[in-house]
Amino acid sequence: MSDTAALTFLKKVPWGGGKSPFSITYGKLMMWIFLLSDAFTFSSLLVSYGFIRHSYASNKETPWPSPDHVFNHFPFLHGVHLPLMFVSMMTFILIFSSVTMVLAVEAGHRMAKKEVAIYMFLTILGGIGFLSCQAWEWTQFITGTHEGRVLADGSIFHGANLIKNEYGPTPFGDLFFIVTGFHGFHVFSGVVINFIIFGNILAGTYQKRGHYEMVEKVGLYWHFVDLVWVFVFTFYYLI
């Protein structure tokens with residue numbers, strides 16, 4: 001192979017560790033390994049949640065609260081019982097941002113800089129929207145309302161924190177902060193990374209490189225964050 005052909009091959013396949021396994025670049029492989037390790041962490045949290053909740057299944061003195069009655073609020077609709085509607089809206093926002101990320105990756109394959117920038121910007125807006133919704137959700141969970149919330153059994157609860165939980169068993173509040181907080185940190189990290197990638201797109205960095213692989217790599221992370229939220233939404237809010 002001539003020197004020119006070798007340089008062309010390296011430009012198309014930026015791999016620096018010998019023969020590329022699975023026909024992917026080194027960066028993508030490392031991202032997959034990172035996501036696999038992160039999946040174990042989230043799995044441990046959800047499995048722990050399942051065991052702890054199951055331990056309260058036969059506890060009649062401090063029953064596990066129903067998410068339908070805890071997460072039944074919606075902005076500007078005070079006093080209206082809307083079980084899980086706000087959390088469902090959060091889920092829709094995050095999934096929609098995953099769609100825009102797919103479109104950004106597809107536009108990158110076509111080297112369409114303007115389209116990549118637009119879809120990345122929409123993805124960032126989706127992430128910020130989700131984080132804003134989660135901040136409001138946390139505020140409601142912590143403070144409740146001034147007069148308290150009336151649950152199905154007629155009891156009145158005011159809120160929860162890491163020390164006191166008036167919704168029910170203390171682990172219910174602890175797990176809410178740990179699981180949703182850990183996921184929220186991942187979304188926040190993704191938004192920050194997306195901002196950096198977005199700046200590089202506007203600067204034409206990837207256009208000069210001849211590929212948008214960085215958009216693909218951050219896209220893998222963003223899709224993982226969306227997928228994890230589907231499991232969190234299912235196990236913590238629905239079941």
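When a residue number appears, it is its place in the shown sequence, counting from 1.
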Do other residues, nucleotides or ligands put more than 12 heavy atoms under 6.0 Å from the [atom1] atom of [X]?
X      : atom1 : result
Trp136 : CH2   : yes
Phe121 : CZ    : no
Met85  : CE    : no
Phe195 : CZ    : no

Sub-6.0 Å ring centroid separation between His54 and Trp64: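 No, the ring centres sit 6.0 Å or more apart.
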Within the distance-only criterion (no hydrogens, no angle test), does the side chain of [X] pair as donor or acceptor with the backbone N or O of [Y] below 3.5 angstrom?
X      : Y     : value
Tyr221 : Phe34 : no
Glu137 : Val87 : no
Ser43  : Ala39 : yes

Geometric class of the Phe130/His183 ring pair [parallel <30°, tilted 30-60°, perpendicular >60°]: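 Correct class here is perpendicular.
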Parallel, tilted or perpendicular: ring planes of Phe71 versus Phe141, cut at 30 and 60 degrees: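 Taking Phe141 first and then Phe71, their aromatic rings lie parallel (interplane angle under 30°).
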Pairwise side-chain contact, Ile142 with Phe177, heavy-atom cut-off 4.5 Å (strictly under):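 Heavy-atom side-chain distance check passes, below 4.5 Å.
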Contact check, side chains of Ile93 and Met90, non-hydrogen atoms, under 4.5 Å: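 The answer is no; the side chains never approach within 4.5 Å.
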Qualifying residue for side chain to side chain donor-acceptor pair (under 3.5 Å) with Tyr212, from Gln207, His109, Lys217: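 Going through the options one by one, the only one that passes is Gln207.
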Stepwise ring pair (Phe, Tyr, Trp, His ring centres under 6.0 Å) check, Phe235 with Tyr49: CA-CA 8 Å; Phe235 284 90; Tyr49 169 79; 7.9 Å; no
Residues forming a side chain to side chain donor-acceptor pair (under 3.5 Å) with Thr180, sequence neighbours excluded: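 Partners of Thr180 by the side chain to side chain donor-acceptor pair (under 3.5 Å) criterion, ordered by chain and then number, come out as Trp138.
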Thr123-Ser97 side chain donor-acceptor pair, cut-off 3.5 Å: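 No, because no side-chain N or O of Thr123 sits under 3.5 Å from a partner of the opposite role on Ser97.
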Any donor-acceptor N or O pair under 3.5 Å, side chains His186, Asp38: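 Yes, because at least one side-chain N or O of His186 sits under 3.5 Å from a partner of the opposite role on Asp38.
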Residue of the set Phe185, Trp229, Phe182, Phe231 for which ring-ring contact (aromatic ring centres under 6.0 Å, His included) holds with Phe42: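 Looking at Phe185, Trp229, Phe182, Phe231, the match for Phe42 under the ring-ring contact (aromatic ring centres under 6.0 Å, His included) is Phe182.
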Side chain to side chain contact (heavy atoms under 4.5 Å, CB included) partners for Leu202, two or more places apart: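 Per chain and number, Leu202 pairs via side chain to side chain contact (heavy atoms under 4.5 Å, CB included) with Ala117, Phe198.
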Residue list, side chain to side chain contact (heavy atoms under 4.5 Å, CB included) with Leu77, at least two apart or on another chain: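 Side chain to side chain contact (heavy atoms under 4.5 Å, CB included) list for Leu77, sorted by chain: Phe74, Val80, Leu82.
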Basic-acidic side-chain contact under 4.0 Å: Glu213, Lys28: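 Salt bridge between Glu213 and Lys28, a charged N being under 4.0 Å from a carboxylate O: no.
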Ring pair (Phe, Tyr, Trp, His ring centres under 6.0 Å) between His81 and His69, worked out: CA-CA 8 Å; His81 181 66; His69 297 286; 5.8 Å; yes
